[in-house]
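Have a look at the structure below, then the notes.
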Amino acid sequence: MNLELQMIGTGSAFAKSYFNNNALLQDGEFTLLIDCGVTAPLALHQLGKSFEDIDAVLITHIHADHVGGLEELAFKMKFTYKRKIKLYIAETLTQILWDHSLKGGLYQAGEIASLEDLFEVCPLVPGKPYELSEHIRIELIRTEHIPGKNSYSLYVNDHIFYSADMIHHPELLKHLVEDRGCSVIFHDCQLEGPGVVHTTLTELMALPEEIRRIVHLMHYGDNKDEFVGRTGEMVFMEQGRTYLL
Ligand SMILES: Nc1ccn([C@@H]2O[C@@H]3COP(=O)(O)O[C@H]3[C@H]2O)c(=O)n1
Ligand SMILES: [Zn+2]
Ligand SMILES: [Zn+2]
């Protein structure tokens, strides 16, 4: 069985040359969409895919580049494909997602009054592993991003770290590698400026070499090409490419 991660987008929130940093995690029989930003419908379309191909969606945190495509996903599932897919999301975010993000567009008297009318909602407790499919097990790890906003990175199959948007947390990366057998890190990467709400390339470059060797950079800005060759052992993920895990 091959577990595959396809990046449908690798861009930062306001990038114009790349789609939002969203991905498909597939085990052959099951397809999980990791985050569903504003650009997700077009990104899938350009890869010859659609929401029809998705079995479940997982949300890391509530910013438009991670949830802005959920209105279209929900409407298509309800009225076109007529099925409820699983929505995996931290238990702290379920109500906020509906009240603060989706209700405005999706509410319909007598038809749609809650997330449960659209999805099979699966609230997740951080620190606890969940079997999403026969070959995909995911644990949420709460990581800092924006003050007062909960955000959750992913630990997949006990060896793959997929960061949500997060400020630098080198101790977490070291802990995962040294104590928990982490062998691959997919990490958001702000190319320039101070890392107020994201991890910067400069910060990642300061990681120990043995960690840098397993870091793949994503969620980057339009000027990524200027930085090719300037990321040490770390490699940029490529939009549309499928990575075998
Ligand atoms: N305090 C903040 C809050 C947000 N932002 C920008 O808004 C984007 C929202 O999506 P993101 O991918 O988290 O990246 C955030 C910053 O670019 C920012 O730069 N500073
Ligand atoms: Zn983002
Ligand atoms: Zn964010």
Side-chain angles (χ1 to χ4, degrees), residues 5-25 32-44 57-73 87-102 104-105 124 126 138 140-156 160-169 172-173 185-204 215-224 226-227 234 236-241:
L5 182 75
Q6 182 173 32
M7 300 305 298
I8 69 167
T10 53
S12 58
F14 311 140
K16 298 293 174 273
S17 306
Y18 304 105
F19 292 127
N20 298 154
N21 198 88
N22 305 163
L24 296 174
L25 184 61
L32 175 72
L33 175 62
I34 301 176
D35 284 326
C36 182
V38 180
T39 64
L42 182 59
L44 287 170
V57 58
L58 183 152
I59 298 300
T60 61
H61 72 292
I62 300 175
H63 268 152
D65 55 322
H66 302 266
V67 300
L70 280 178
E71 180 175 314
E72 181 169 335
L73 170 61
L87 167 65
Y88 292 101
I89 182 165
E91 57 178 1
T92 58
L93 294 180
T94 52
Q95 203 56 43
I96 296 170
L97 177 65
W98 177 251
D99 289 339
H100 296 190
S101 191
L102 297 182
L124 305 180
I138 292 189
L140 296 187
I141 299 176
R142 188 176 171 283
T143 42
E144 297 296 330
H145 176 33
I146 300 271
K149 177 188 278 293
N150 284 319
S151 181
Y152 301 89
S153 295
L154 313 180
Y155 201 44
V156 182
I160 300 156
F161 181 73
Y162 181 102
S163 86
D165 297 352
M166 62 182 276
I167 57 173
H168 195 34
H169 194 343
L172 172 66
L173 301 181
I185 294 172
F186 301 110
H187 211 297
D188 73 324
C189 176
Q190 181 181 309
L191 297 170
E192 294 169 296
V196 182
V197 301
H198 287 284
T199 301
T200 64
L201 176 57
T202 306
E203 289 169 326
L204 292 168
V215 171
H216 298 60
L217 306 170
M218 59 185 189
H219 204 293
Y220 45 71
D222 284 327
N223 56 343
K224 179 263 274 182
E226 295 169 26
F227 292 84
M234 302 182 291
F236 283 112
M237 299 192 84
E238 290 169 36
Q239 182 166 295
R241 180 168 162 189

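Read the numbers this way: they start at 1 and go in the same order the structure lists the ligands and their atoms. Every heavy atom of this structure was used, including side-chain atoms; hydrogens, water molecules and symmetry mates were not.
Metal site remark for the Zn ion (ligand 2): Asp165 contributes an N, O or S atom at a distance under 2.8 Å. Metal site remark for the Zn ion (ligand 3): His63 contributes an N, O or S atom at a distance under 2.8 Å. When distances to the Zn ion (ligand 2) are checked against a cut-off of 2.8 Å, His198 contributes no N, O or S atom below that limit. Not one N, O or S atom of Asp35 sits under 2.8 Å from the Zn ion (ligand 2). His219 lies close to the Zn ion (ligand 2), since one of its N, O or S atoms is found at a distance under 2.8 Å.
Listed by atom number, the atoms of ligand 1 under 4.0 Å from Asp165 heavy atoms are 11 (P), 12 (O), 13 (O). The Ile146 neighbourhood of ligand 1 comprises atoms 3 (C), with distances under 4.0 Å to a heavy atom of that residue. Less than 4.0 angstrom separates some heavy atom of His145 from each of these atoms of ligand 1: 13 (O). The atoms of ligand 1 that sit less than 4.0 Å from any heavy atom of His219 are 12 (O).
Side chain to side chain, Asp65 and His219 meet the donor-acceptor criterion of an N or O pair below 3.5 Å. Side chains of Asp165 and His61: a donor on one and an acceptor on the other come within 3.5 Å. Side chains of Ser153 and Ser163: a donor-acceptor N/O pair is absent below 3.5 angstrom, by distance only. Checked by atom type, the side-chain pair Asn21/Thr10 shows no donor-acceptor distance below 3.5 Å.
Among heteroatoms of the N, O or S kind in His66, NE2 lies nearest the Zn ion (ligand 2). The atom name of the N/O/S atom in Asp65 closest to the Zn ion (ligand 2) is OD2. His61 contributes atom NE2 as its closest N/O/S atom to the Zn ion (ligand 3). The name of the N, O or S atom in His145 nearest to the Zn ion (ligand 3) is NE2.
Residue His198 places a heavy atom less than 4.0 Å from ligand 1.
Ring centroid separation for the pair Tyr220 and Tyr18 comes in under the 6.0 Å cut-off. Ring pair His63/His145: centre-to-centre distance below 6.0 Å.
Residues Pro126 and Tyr152 come closest through the heavy atom pair CG-CE2, 3.5 Å. Here the shortest heavy-atom pairing between Gln239 and Gly9 reads OE1-CA, 3.5 Å.
Which of Asp188, Val197, Ile62 comes nearest to atom 18 (C) of ligand 1 through a heavy atom is settled by distance: it is Val197.
Two residues are said to be in side-chain contact when any heavy atoms from C-beta on lie closer than 4.5 Å; Asn20 and Asp35 fail this criterion.
Shortest contact from atom 6 (C) of ligand 1 to any protein heavy atom: Phe14 CE1, 3.9 Å.
One distance of note links CG of Leu172 with CD of Glu144; it measures 11.0 Å at 0.5 Å rounding.
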